[in-house]
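All remarks here apply to the structure that follows.
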Number of protein chains: 2
Amino acid sequence: MNIGELAKNSGVNSKMIRHYESIKLIPKAQRNSSGYRVYGDKDVHTLSFVRRARSLGFPLEEIKLLLGLWKNKKRTSSKVKELAQKHIDELQNKIDDLQSMRDSLDHLVKNCHGDDRPDCPIIESLSK
Amino acid sequence: MNIGELAKNSGVNSKMIRHYESIKLIPKAQRNSSGYRVYGDKDVHTLSFVRRARSLGFPLEEIKLLLGLWKNKKRTSSKVKELAQKHIDELQNKIDDLQSMRDSLDHLVKNCHGDDRPDCPIIESLSK
DNA sequence: TCTTGACCTTCCAGCGGTTGGAAGCTTTAT
DNA sequence: ATAAAGCTTCCAACCGCTGGAAGGTCAAGA
């Protein structure tokens, strides 16, 4: 399987597959006689794993660890859980930050007439 | 006032002030005879405005627009409100994304024993 | 056989917002 | 006089991704 087919099968585009190889998230692919990368079914699984982990917001460095745990039959679920919980905490921190921004701005917007006049609590709040 | 003092007074560090100048968020500063940037009180206000807008999560491009509206006495509050509402919507979209990640992961973590055994719904979910 | 076009290769650059460092000049304080 | 603090510019990195340029390879159709 060439990189394009792997991309189709895994849901990770070719550009990113090459990138993931270059940062050593995934191992170097075999090459055929003309230098094309050649893949197998295992690679579809690996890339799909990466895609799903990304969709949960895991950063690539943590996905590296997750891949290691995935392949390690002697892993402990506590190690996985710990990693996931740490990520949940980071997600929550971001959520909190964004919500506090949204709430502040929401309050300002609700108090803004939104008419033809220049007076505006949003601008005033930024100027204060 | 030199850049360091402006940084102290505005809460935006020198590095960022120079950067904001380079991307034309703020106008080029005057220079004294030795090439140092020279600022006045107006600049403190401008940079503080930028800092507050950043703390509400506005991207620099939108802050550029906000600065324009701020300085424009003929602005309409509806224009400001529109900009702010658009940003709220973007914040909300990010919040929704992160919350859905957090919720999925939370569910997995709750079902993970977190013990010495390798079996783990988190890893399984990423592999499926 | 020749051409077209779809695929593959590497390399380089940018996005947004910030931070860090190097190397050199100026000002201030001792 | 000297040292430290502050200023200057330039270059690079972070994260995850996207785009393009310039070229090689392969399959199908005329």
Side-chain angles (χ1 to χ4, degrees), chain A residues 1-26 28-40 43 47 49-67 86-87 90-91 93-94 97-98 101, chain B residues 1-26 28-40 43 46-67 86-87 90-91 93-94 97-98 101:
Chain A
M1 175 181 356
N2 284 344
I3 199 170
E5 207 184 340
L6 174 59
K8 254 183 223 154
N9 294 338
S10 68
V12 178
N13 72 45
S14 316
K15 210 108 194 186
M16 288 313 301
I17 296 174
R18 289 192 202 98
H19 178 58
Y20 288 163
E21 182 184 306
S22 82
I23 63 170
K24 289 165 187 166
L25 179 64
I26 57 174
K28 279 191 189 171
Q30 301 280 113
R31 303 293 182 121
N32 69 14
S33 53
S34 28
Y36 285 20
R37 288 172 180 82
V38 178
Y39 298 97
D43 301 297
L47 265 300
F49 184 101
V50 171
R51 177 180 49 74
R52 282 186 288 260
R54 281 299 296 141
S55 80
L56 289 175
F58 282 101
L60 295 177
E61 274 310 312
E62 289 176 28
I63 296 179
K64 233 177 248 192
L65 301 176
L66 285 170
L67 281 171
K86 182 177 145 258
H87 182 49
E90 271 152 19
L91 288 171
N93 288 338
K94 280 188 200 159
D97 287 351
L98 293 174
M101 292 176 188
Chain B
M1 162 179 15
N2 285 345
I3 200 169
E5 208 183 340
L6 174 59
K8 254 183 225 154
N9 295 337
S10 68
V12 178
N13 71 45
S14 316
K15 209 111 195 183
M16 289 313 301
I17 296 173
R18 291 193 200 99
H19 178 58
Y20 287 162
E21 181 184 308
S22 82
I23 62 169
K24 288 164 188 166
L25 179 65
I26 57 173
K28 279 191 190 172
Q30 303 279 112
R31 304 292 183 123
N32 69 14
S33 53
S34 30
Y36 284 21
R37 289 172 180 80
V38 179
Y39 298 97
D43 301 295
T46 304
L47 265 300
S48 300
F49 183 101
V50 171
R51 177 179 49 73
R52 283 186 286 261
R54 280 298 297 140
S55 80
L56 289 176
F58 282 101
L60 295 177
E61 272 311 312
E62 287 175 31
I63 296 178
K64 235 178 246 192
L65 300 175
L66 285 170
L67 281 171
K86 184 177 142 258
H87 182 49
E90 272 153 18
L91 288 172
N93 287 339
K94 280 186 201 162
D97 286 351
L98 293 175
M101 290 177 190

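Chain A is the first sequence line, chain B the second, and so forth, proteins listed ahead of strands; every chain is numbered from 1.
When all heavy atoms of A:Val50 and A:Leu67 are compared, the closest pair comes out as CG2-CD1, 4.0 Å. Of all the heavy atoms in B:Ile3 and B:Ser14, the pair that sits closest is CD1-O, 3.6 Å. Looking at every heavy atom in both residues, A:Leu98 comes nearest to B:Lys94 through CD1-CB, 3.7 Å. The two atoms that bring B:Leu25 and B:Ile63 nearest to each other are CD1-CG2, 4.1 Å, heavy atoms only. Nearest heavy-atom pair across B:Ile17 and B:Ser10 is CD1-OG, 4.5 Å. Closest approach of B:Lys64 to B:Ile23, counting heavy atoms only: NZ-O, 3.2 Å.
Here the side chains of A:Glu62 and A:Glu90 are in contact, with some heavy-atom distance below 4.5 Å. Between A:Tyr39 and A:Leu47 the shortest side-chain heavy-atom distance does not fall below 4.5 Å.
At the phosphate of C:dT18, neither OP1 nor OP2 sits under 4.0 Å from any side-chain N or O atom of B:Asn13.
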Once base and sugar-phosphate atoms are separated, protein heavy atoms under 4.0 Å mark nucleotides 24-30 of chain C, 5' to 3', with B, S and - as --BS---
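In this structure, B:Met16 atom CE and C:dG20 atom C1' are separated by 13 Å, rounded to whole Å. Note: NE2 (B:His19) to P (C:dG20) measures 15 Å, nearest angstrom. The distance between atom CD of B:Glu21 and atom P of C:dG17, rounded to the nearest whole Å, is 18 Å. Per the geometry, CD belonging to A:Glu5 stands 12 Å off C1' belonging to C:dC7, to the nearest Å. As rounded to whole Å, 12 Å separates atom P of C:dG16 from atom NZ of B:Lys94.
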Given B:Arg37 and B:Gln30, is the side-chain contact (heavy atoms from CB on, under 4.5 Å) satisfied, shown in steps?
CA-CA 6 Å; B:Arg37 289 172 180 80; B:Gln30 303 279 112; over 6 Å; no
Given B:Ile26 and B:Asp43, is the side-chain contact (heavy atoms from CB on, under 4.5 Å) satisfied, shown in steps?
CA-CA 9 Å; B:Ile26 57 173; B:Asp43 301 295; over 6 Å; no
What's the verdict on salt bridge (Lys or Arg N to Asp or Glu O under 4.0 Å) for B:Glu21 and B:Arg18, showing C-alpha distance, side-chain angles and the deciding distance?
CA-CA 5 Å; B:Glu21 181 184 308; B:Arg18 291 193 200 99; over 6 Å; no
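Taking every nucleotide of DNA chain D with any atom under 4.0 Å from a non-hydrogen atom of chain A, the first and last of them, 5' to 3', are D:dG16 to D:dC26.
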Could you pull out the protein-nucleic contacts involving nucleotides 11-13 of chain C (nitrogen or oxygen on both sides, under 3.5 Å)?
none

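When heavy atoms are screened at a 4.0 angstrom cut-off, A:Arg18 is found touching base atoms of the nucleic acid.
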